[in-house]
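Data first, discussion second: the structure below is written as structure tokens.
Computed from a predicted structure; not experimentally measured.
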Amino acid sequence: EAQLVESGGGLVQAGGSLRLSCAASGFTLDDYAIGWFRQAPGKEREGVSCISSNHGTTYYAPSVKGRFTISTDNAKNTVYLQISSLKSEDTAVYYCAARFVGGLTVVAWASEIEYDYWGRGTQVTVSS
């Protein structure tokens with residue numbers, strides 16, 4: 001059974017950093033793209049970043065570009081999201097999700113309906 005488990009969230013002061021992890025089991029990251037999404041209280045879930053495991057191509061939402069870095073360790077079947085220079089508006093539940101791309105270019109990386117598997121999320125709270 002395919003499963004994604006996020007970890008690494010917590011309470012951090014504004015300007016601080018965290019590293020979120022997304023551990024995959026039941027499938028390998030090869031041929032998959034992994035996306036990170038977040039949902040703040042009272043807001044819709046939004047795409048934050050995505051990485052294509054085959055190509056290493058990365059994608060970022062404009063609001064996080066330059067502050068967040070996505071990476072993958074295929075040997076560990078894990079994707080990471082380094083989040084830095086945190087702001088109060090980064091407070092949200094962060095989810096990772098996987099979609100099969102078969103080595104092709106990722107299209108519409110932030111479109112939730114394109115993703116096959118989802119984790120349960122990890123809470124990130126930024127205090128000002």
Side-chain angles (χ1 to χ4, degrees):
E1 179 186 358
Q3 192 173 18
L4 296 170
V5 178
E6 304 93 337
S7 62
L11 175 64
V12 62
Q13 288 189 331
S17 301
L18 287 172
R19 188 177 78 158
L20 307 183
S21 299
C22 172
S25 61
F27 69 102
T28 60
L29 294 180
D30 297 343
D31 292 330
Y32 279 81
I34 303 297
W36 281 96
F37 294 77
R38 67 184 181 185
Q39 187 167 23
K43 294 187 177 181
E44 293 188 355
R45 191 156 55 184
E46 62 175 352
V48 173
S49 184
C50 175
I51 186 167
S52 171
S53 296
N54 266 350
H55 302 294
T57 306
T58 58
Y59 309 83
Y60 295 96
S63 60
V64 306
K65 196 168 187 177
R67 300 189 299 120
F68 290 13
T69 303
I70 191 170
S71 61
T72 183
D73 185 337
N74 285 2
K76 294 184 178 180
N77 225 33
T78 299
V79 173
Y80 303 98
L81 185 68
Q82 179 73 37
I83 56 177
S84 305
S85 302
L86 284 164
K87 308 173 183 179
S88 57
E89 52 263 43
D90 295 318
T91 295
V93 178
Y94 284 71
Y95 301 89
C96 66
R99 57 185 281 188
F100 181 81
V101 293
L104 299 176
T105 300
V106 180
V107 177
W109 69 265
S111 176
E112 295 183 38
I113 62 172
E114 300 291 340
Y115 287 80
D116 304 306
Y117 311 121
W118 287 83
R120 292 190 173 187
T122 185
Q123 176 72 47
V124 172
T125 303
V126 183
S127 63
S128 55

Tell me, please, which residues at least two apart from S25 pass side chain to side chain contact (heavy atoms under 4.5 Å, CB included).
-> Q3
Name all residues meeting the side chain to side chain contact (heavy atoms under 4.5 Å, CB included) criterion together with A110; count only those two or more places apart in sequence or in a different chain, and write none if there are none.
-> none
Just jot down the side chain to side chain donor-acceptor pair (under 3.5 Å) partners of E46, sequence neighbours excluded, or say none.
-> R38
Cluster question for you: counting only ILVMFWY and a side-chain heavy-atom cut-off of under 4.5 Å, with indirect links fine, are F37 and L4 together?
-> no
Salt bridge (Lys or Arg N to Asp or Glu O under 4.0 Å) contacts touching residues 14-23 (sequence neighbours left out) | none
Is there any disulfide (SG to SG under 2.5 Å) pair reaching into residues 97-128, and which pairs are they, with sequence neighbours excluded?
-> none
Looking only at non-hydrogen atoms, find the nearest pair between A108 and R99 and report the distance.
-> O-NH1, 3.1 Å
Is there any side chain to side chain donor-acceptor pair (under 3.5 Å) pair reaching into residues 108-123, and which pairs are they, with sequence neighbours excluded?
-> R45-E112, Q123-T125
Rounded to the nearest 0.5 Å, the OG1 atom of T72 sits from the CG atom of L29 at a distance of 5.0 Å
Step by step, would you call E6 with Y95 a side-chain contact (heavy atoms from CB on, under 4.5 Å)?
-> CA-CA 7 Å; E6 304 93 337; Y95 301 89; 3.9 Å; yes
Hits for side chain to side chain contact (heavy atoms under 4.5 Å, CB included) against T78, two or more places apart or cross-chain, chain-then-number order -> S21, A23, K76, Y80
Among pairs that include at least one residue of residues 24-128, which meet disulfide (SG to SG under 2.5 Å), considering only residues two or more places apart or in two chains?
-> C22-C96
Test side-chain contact (heavy atoms from CB on, under 4.5 Å) on L11 and S127 and set out the steps.
-> CA-CA 7 Å; L11 175 64; S127 63; 4.3 Å; yes
Indicate yes or no: at least one non-hydrogen side-chain atom of T91 is less than 4.5 angstrom from one of V124.
-> no
Locate the shortest heavy-atom distance separating A33 from V106; write the atom from each residue and the value.
-> CB-CG2, 3.7 Å
Side chain to side chain donor-acceptor pair (under 3.5 Å) contacts touching residues 50-62 (sequence neighbours left out) = D31-N54
If you measure from CD1 on I51 to CG on L81, what distance do you get to the nearest 0.5 Å?
-> 10.0 Å
Minimal heavy-atom distance between A61 and G47, with the atoms involved, is CB-O, 3.5 Å
For residues 63-71, please give each side-chain donor-acceptor pair under 3.5 Å, one per line with the distance, not counting sequence neighbours.
unit_1, atom_1, unit_2, atom_2, d
R67, NH1, S85, O, 3.0
R67, NH1, D90, OD2, 2.7
R67, NH2, S63, O, 3.0
R67, NH2, D90, OD1, 3.0
R67, NH2, D90, OD2, 3.4

Sequence neighbours left out, what passes ring-ring contact (aromatic ring centres under 6.0 Å, His included) with Y32? Give chain and number order.
-> F27, F100
